[in-house]
Chemist: 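Structure in structure tokens, see below.
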Amino acid sequence: MSDLLHTVRQHATDSGRFAEARIDGARLRCRAREAAAEAWYTVEREGDAWAVGLETPDRWLSESIEGDMLEGRDSAEELVDDELVEVGFPHRCGKVKHYRDDAKVYVFRTPVPLGGVADEAAGVTTFLLAFEAAFAQLGDMQGSSAE
């Protein structure tokens with residue numbers, strides 16, 4: 001597990017799409033580069049699978065993302081799927097859960113479908129980058145002129 005997280009962290013860093021990428025216990029946290037408030041993309045085990053998420057303690061950022069999806073009428077799954085199709089990933093995005101956790105952090109989270117993917121680290125990396133590409137377009141994830 002740790003080897004996979006180290007490999008994904010290195011690829012995330014090399015992509016240049018995150019402000020920083022670090023392993024925090026048993027999870028990878030990649031800071032969103034342009035977000036108007038603190039936001040982290042995460043990779044961690046969820047049962048027998050890997051899960052990718054976006055977390056922010058900022059209610060307004062979470063609401064701006066959700067509002068863009070409602071206004072654009074594209075679901076998070078459809079947006080991630082568009083990115084996955086573009087890179088030739090063999091699976092589609094499952095349900096993206098949106099909730100506020102016990103630590104009062106707003107979370108968008110989905111399992112990574114890896115069935116039949118030979119290189120697990122490459123599959124998780126591809127999914128993480130597709131997830132980031134989809135969410136980076138939403139709400140105040142590219143900053144806000146109203147700050």
Chemist: According to salt bridge (Lys or Arg N to Asp or Glu O under 4.0 Å), who are the partners of R27, at least two apart in sequence or on a separate chain?
Modeler: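 R27: salt bridge (Lys or Arg N to Asp or Glu O under 4.0 Å) contacts with E44, E55.
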
Chemist: Just to verify, what does F18 make a ring-ring contact (aromatic ring centres under 6.0 Å, His included) with, not counting sequence neighbours?
Modeler: Y41

Chemist: So which pairs with a foot in residues 56-79 pass ring pair (Phe, Tyr, Trp, His ring centres under 6.0 Å), sequence neighbours left out?
Modeler: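 Qualifying pairs, neighbours excluded: none.
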
Chemist: My understanding is that only residues two or more places apart in sequence, or in another chain, count here; which of them pass ring-ring contact (aromatic ring centres under 6.0 Å, His included) with F108?
Modeler: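 Checked F108 against ring-ring contact (aromatic ring centres under 6.0 Å, His included); matches are H98, F135.
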
Chemist: Are E20 and R29 ion-paired here, with the side-chain N under 4.0 Å from a carboxylate O?
Modeler: no

Chemist: Please name all residues satisfying side-chain contact (heavy atoms from CB on, under 4.5 Å) with A134, sequence neighbours left out, ordered by chain then number.
Modeler: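 With sequence neighbours excluded, A134 shows a side-chain contact (heavy atoms from CB on, under 4.5 Å) to L79, V80, E83, given in chain and number order.
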
Chemist: What residue pairs, at least two apart or across chains, pass salt bridge (Lys or Arg N to Asp or Glu O under 4.0 Å) with a residue in residues 63-72?
Modeler: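 Counting only pairs at least two positions apart or across chains, the salt bridge (Lys or Arg N to Asp or Glu O under 4.0 Å) contacts touching residues 63-72 are R59-E63.
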
Chemist: Can you list every pair that meets side-chain hydrogen bond (donor to acceptor under 3.5 Å, both in side chains) and has a residue in residues 115-132, with sequence neighbours left out?
Modeler: R17-E132

Chemist: Mind checking side-chain hydrogen bond (donor to acceptor under 3.5 Å, both in side chains) for R92 and listing every partner two or more places apart, or none if nothing turns up?
Modeler: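 Result, side-chain hydrogen bond (donor to acceptor under 3.5 Å, both in side chains) vs R92: none returned.
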
Chemist: Do any pairs count as a salt bridge (Lys or Arg N to Asp or Glu O under 4.0 Å) and have a residue in residues 96-107, sequence neighbours left out, and if so which ones?
Modeler: none

Chemist: Only counting residues at least two apart or in another chain, list the ones meeting side-chain hydrogen bond (donor to acceptor under 3.5 Å, both in side chains) with S75.
Modeler: E77, E78

Chemist: Considering only Ile, Leu, Val, Met, Phe, Trp and Tyr, and joining two whenever side-chain heavy atoms are under 4.5 Å apart, list the other residues clustered with Y99.
Modeler: V105, V107

